[in-house]
Peer 1: 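Mind looking over this structure? Questions follow.
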Amino acid sequence: MAERKFWLFKSEPTNYSFDDLLSEEQQTAEWDGVRNYQARNYIRDEMKAGDGVLFYHSSSIPTAVVGTATIAREAYPDNTAWDSKAKYYDPKSNPDNPTWMMVDIMADQRFAHPVTLQEIKKNPKLSSMLLVRRGMRLSIQPVTREEWEEIVALGRQGQ
DNA sequence: GCCAACGTTGGC
DNA sequence: GCCAACGTTGGC
(Lines give C-alpha, C1' and ligand atoms only; values in the text may rest on other atoms or scores of the structure.)
Protein backbone atom coordinates (compact mmCIF):
# COMPACT_ATOMS: atom_id res chain seq x y z
CA MET A 1 0.00 0.00 0.00
CA ALA A 2 1.31 3.39 -1.00
CA GLU A 3 2.26 5.78 1.70
CA ARG A 4 -0.41 8.15 2.81
CA LYS A 5 -0.01 11.71 1.55
CA PHE A 6 -1.18 14.96 3.03
CA TRP A 7 -2.76 18.04 1.49
CA LEU A 8 -4.05 21.46 2.31
CA PHE A 9 -7.31 22.62 0.72
CA LYS A 10 -8.18 26.29 0.81
CA SER A 11 -11.72 27.53 0.88
CA GLU A 12 -13.28 30.87 1.58
CA PRO A 13 -15.75 30.11 4.35
CA THR A 14 -18.26 32.60 2.98
CA ASN A 15 -18.25 30.42 -0.09
CA TYR A 16 -17.87 26.97 1.49
CA SER A 17 -16.89 26.40 5.11
CA PHE A 18 -15.89 23.42 7.21
CA ASP A 19 -19.34 23.65 8.81
CA ASP A 20 -20.83 23.28 5.35
CA LEU A 21 -18.85 20.10 4.90
CA LEU A 22 -19.98 18.81 8.29
CA SER A 23 -23.59 19.39 7.37
CA GLU A 24 -23.37 17.42 4.11
CA GLU A 25 -24.90 14.01 3.88
CA GLN A 26 -22.22 11.62 5.15
CA GLN A 27 -20.14 14.76 5.72
CA THR A 28 -18.82 14.28 2.22
CA ALA A 29 -18.55 16.75 -0.66
CA GLU A 30 -17.39 16.92 -4.25
CA TRP A 31 -14.45 19.30 -4.42
CA ASP A 32 -15.38 20.85 -7.74
CA GLY A 33 -14.28 24.07 -9.35
CA VAL A 34 -10.52 23.63 -9.26
CA ARG A 35 -9.32 25.46 -12.37
CA ASN A 36 -5.57 25.58 -11.92
CA TYR A 37 -3.35 23.12 -13.73
CA GLN A 38 -0.90 22.54 -10.91
CA ALA A 39 -3.71 21.83 -8.48
CA ARG A 40 -5.37 19.64 -11.11
CA ASN A 41 -2.19 17.61 -11.47
CA TYR A 42 -2.05 16.96 -7.75
CA ILE A 43 -5.69 15.86 -7.83
CA ARG A 44 -5.32 13.70 -10.90
CA ASP A 45 -1.89 12.20 -10.37
CA GLU A 46 -1.14 12.04 -6.69
CA MET A 47 -4.18 12.01 -4.45
CA LYS A 48 -5.24 8.65 -3.12
CA ALA A 49 -8.23 7.61 -1.08
CA GLY A 50 -7.35 7.92 2.57
CA ASP A 51 -4.96 10.84 2.16
CA GLY A 52 -5.22 13.51 4.84
CA VAL A 53 -6.59 16.99 4.15
CA LEU A 54 -6.06 20.14 6.19
CA PHE A 55 -9.11 22.33 5.68
CA TYR A 56 -7.98 25.96 5.53
CA HIS A 57 -10.22 29.01 5.67
CA SER A 58 -8.83 31.80 3.49
CA SER A 59 -9.98 35.41 3.38
CA SER A 60 -11.55 35.02 6.80
CA ILE A 61 -10.97 36.23 10.34
CA PRO A 62 -8.78 34.62 11.30
CA THR A 63 -7.32 32.73 8.38
CA ALA A 64 -6.71 29.29 9.81
CA VAL A 65 -6.68 25.55 9.42
CA VAL A 66 -9.98 24.66 11.07
CA GLY A 67 -10.14 20.90 10.76
CA THR A 68 -9.18 17.76 8.90
CA ALA A 69 -10.78 15.69 6.19
CA THR A 70 -9.99 12.59 4.18
CA ILE A 71 -9.89 11.93 0.46
CA ALA A 72 -13.01 9.79 0.10
CA ARG A 73 -12.97 9.30 -3.68
CA GLU A 74 -10.06 9.61 -6.07
CA ALA A 75 -9.97 11.82 -9.14
CA TYR A 76 -12.88 11.79 -11.55
CA PRO A 77 -14.05 14.34 -14.13
CA ASP A 78 -15.39 17.63 -12.81
CA ASN A 79 -18.66 17.76 -14.69
CA THR A 80 -19.31 21.36 -13.67
CA ALA A 81 -16.69 22.31 -16.27
CA TRP A 82 -19.07 21.62 -19.14
CA ASP A 83 -22.19 22.95 -17.47
CA SER A 84 -22.65 26.31 -19.18
CA LYS A 85 -24.63 27.60 -16.22
CA ALA A 86 -22.01 26.63 -13.63
CA LYS A 87 -19.78 29.21 -12.06
CA TYR A 88 -16.63 27.44 -13.18
CA TYR A 89 -17.82 26.58 -16.68
CA ASP A 90 -14.92 26.02 -19.05
CA PRO A 91 -15.92 25.70 -22.71
CA LYS A 92 -12.57 24.06 -23.50
CA SER A 93 -13.39 21.04 -21.37
CA ASN A 94 -15.82 18.36 -22.47
CA PRO A 95 -16.92 14.88 -21.38
CA ASP A 96 -14.80 13.15 -24.04
CA ASN A 97 -11.62 14.79 -22.88
CA PRO A 98 -12.12 16.33 -19.45
CA THR A 99 -9.63 19.01 -18.56
CA TRP A 100 -10.60 19.30 -14.93
CA MET A 101 -10.86 16.69 -12.24
CA MET A 102 -12.19 16.58 -8.72
CA VAL A 103 -12.08 14.39 -5.64
CA ASP A 104 -14.55 13.85 -2.84
CA ILE A 105 -13.53 14.73 0.69
CA MET A 106 -15.10 13.56 3.92
CA ALA A 107 -14.88 15.58 7.12
CA ASP A 108 -12.71 14.00 9.78
CA GLN A 109 -12.51 16.30 12.79
CA ARG A 110 -13.02 19.92 13.62
CA PHE A 111 -10.11 21.40 15.53
CA ALA A 112 -10.75 22.44 19.13
CA HIS A 113 -8.27 25.17 18.35
CA PRO A 114 -8.07 26.56 14.80
CA VAL A 115 -4.43 26.86 13.80
CA THR A 116 -4.08 30.37 12.47
CA LEU A 117 -1.81 31.56 9.69
CA GLN A 118 -0.12 33.74 12.29
CA GLU A 119 0.75 30.72 14.41
CA ILE A 120 1.94 28.83 11.38
CA LYS A 121 4.27 31.67 10.44
CA LYS A 122 5.72 31.82 13.95
CA ASN A 123 6.21 28.08 14.31
CA PRO A 124 9.67 26.99 13.14
CA LYS A 125 8.31 23.59 12.18
CA LEU A 126 5.69 25.19 9.94
CA SER A 127 7.18 28.41 8.69
CA SER A 128 8.49 26.84 5.50
CA MET A 129 5.07 25.57 4.43
CA LEU A 130 4.05 26.47 0.89
CA LEU A 131 1.14 28.27 2.48
CA VAL A 132 3.30 31.00 3.94
CA ARG A 133 5.70 31.40 1.07
CA ARG A 134 5.05 34.67 -0.55
CA GLY A 135 3.02 34.28 -3.63
CA MET A 136 2.09 30.67 -3.16
CA ARG A 137 -1.54 30.97 -4.06
CA LEU A 138 -2.34 27.42 -4.94
CA SER A 139 -5.75 26.37 -3.68
CA ILE A 140 -4.49 22.82 -3.20
CA GLN A 141 -1.03 22.18 -1.84
CA PRO A 142 1.01 19.23 -0.67
CA VAL A 143 1.90 19.15 3.02
CA THR A 144 4.67 17.08 4.57
CA ARG A 145 3.98 14.43 7.18
CA GLU A 146 5.82 16.55 9.75
CA GLU A 147 3.70 19.59 8.95
CA TRP A 148 0.54 17.52 9.10
CA GLU A 149 1.42 16.04 12.46
CA GLU A 150 2.36 19.38 13.96
CA ILE A 151 -0.81 21.13 12.80
CA VAL A 152 -3.05 18.27 13.91
CA ALA A 153 -1.35 18.25 17.32
CA LEU A 154 -1.84 22.01 17.68
CA GLY A 155 -5.42 21.84 16.51
CA ARG A 156 -6.37 19.13 18.93
CA GLN A 157 -5.13 20.87 22.01
CA GLY A 158 -7.86 22.94 23.58
CA GLN A 159 -5.87 26.15 23.55
C1' DG B 1 -10.39 48.39 -0.37
C1' DC B 2 -5.57 47.99 -1.54
C1' DC B 3 -2.20 45.81 -3.94
C1' DA B 4 1.56 42.24 -4.73
C1' DA B 5 2.15 38.06 -6.91
C1' DC B 6 0.76 34.90 -9.76
C1' DG B 7 -1.50 32.38 -13.95
C1' DT B 8 -3.62 33.00 -18.35
C1' DT B 9 -4.51 35.13 -22.72
C1' DG B 10 -3.62 36.83 -27.07
C1' DG B 11 -1.18 39.90 -30.41
C1' DC B 12 2.83 39.87 -32.83
C1' DG C 1 7.89 31.79 -28.38
C1' DC C 2 7.90 36.35 -26.25
C1' DC C 3 5.77 39.36 -23.23
C1' DA C 4 2.35 43.01 -22.03
C1' DA C 5 -2.17 43.24 -20.45
C1' DC C 6 -5.51 41.42 -17.79
C1' DG C 7 -7.96 38.75 -14.21
C1' DT C 8 -7.70 36.38 -9.84
C1' DT C 9 -6.11 35.28 -5.28
C1' DG C 10 -5.78 36.31 -0.73
C1' DG C 11 -3.31 38.68 3.18
C1' DC C 12 -3.51 42.85 5.32
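Lettering follows sequence order; numbering is per chain, from 1. What you are looking at is a predicted structure, and each value in this text was computed from that prediction instead of being measured.
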Peer 1: Just to confirm, is there a sub-4.0 Å distance from OP1 or OP2 of C:dG11 to any side-chain nitrogen or oxygen of A:Tyr56?
Peer 2: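 Affirmative; the distance criterion is met.
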
Peer 1: A:Asn15 has an atom CG; how far is it from atom C1' of C:dT9, in whole Å?
Peer 2: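 So the two atoms are 13 Å apart, to the nearest Å.
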
Peer 1: Would A:Arg35 and A:Asp78 pass as an ion pair if we require N to O under 4.0 Å?
Peer 2: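 Yes, this pair counts.
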
Peer 1: Could you state the atom-to-atom distance from CH2 of A:Trp100 to P of B:dG7 in whole Å?
Peer 2: 13 Å

Peer 1: Taking the six-membered ring for Trp, are A:Tyr37 and A:Trp100 closer than 6.0 Å centroid to centroid?
Peer 2: yes

Peer 1: Return the value, rounded to whole Å, for the distance between atom OH of A:Tyr88 and atom P of C:dT9.
Peer 2: 6 Å

Peer 1: Figure out the OH/C1' separation between A:Tyr16 and C:dT9, and round it to whole Å.
Peer 2: 21 Å

Peer 1: Roughly, in whole Å, what's the span from CG in A:Leu138 to C1' in B:dA5?
Peer 2: 13 Å

Peer 1: Can you tell me how far P of C:dG11 sits from NZ of A:Lys10, to the nearest Å?
Peer 2: 6 Å

Peer 1: Do A:Val103 and A:Leu138 belong together in a cluster built from hydrophobic side chains that touch within less than 4.5 Å?
Peer 2: yes

Peer 1: Figure out the CG/C1' separation between A:Leu117 and C:dT9, and round it to whole Å.
Peer 2: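 The distance from CG of A:Leu117 to C1' of C:dT9 comes to 14 Å, rounded to the nearest Å.
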
Peer 1: Between the main-chain N or O of A:Lys48 and the side-chain N or O of A:Asp51, is there a donor-acceptor pair closer than 3.5 Å?
Peer 2: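 Yes, because the side chain of A:Asp51 sits within donor-acceptor range (under 3.5 Å) of the backbone of A:Lys48.
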
Peer 1: In this structure, how many angstroms lie between the C1' atom of B:dT8 and the CG atom of A:Asp90, rounded?
Peer 2: 12 Å

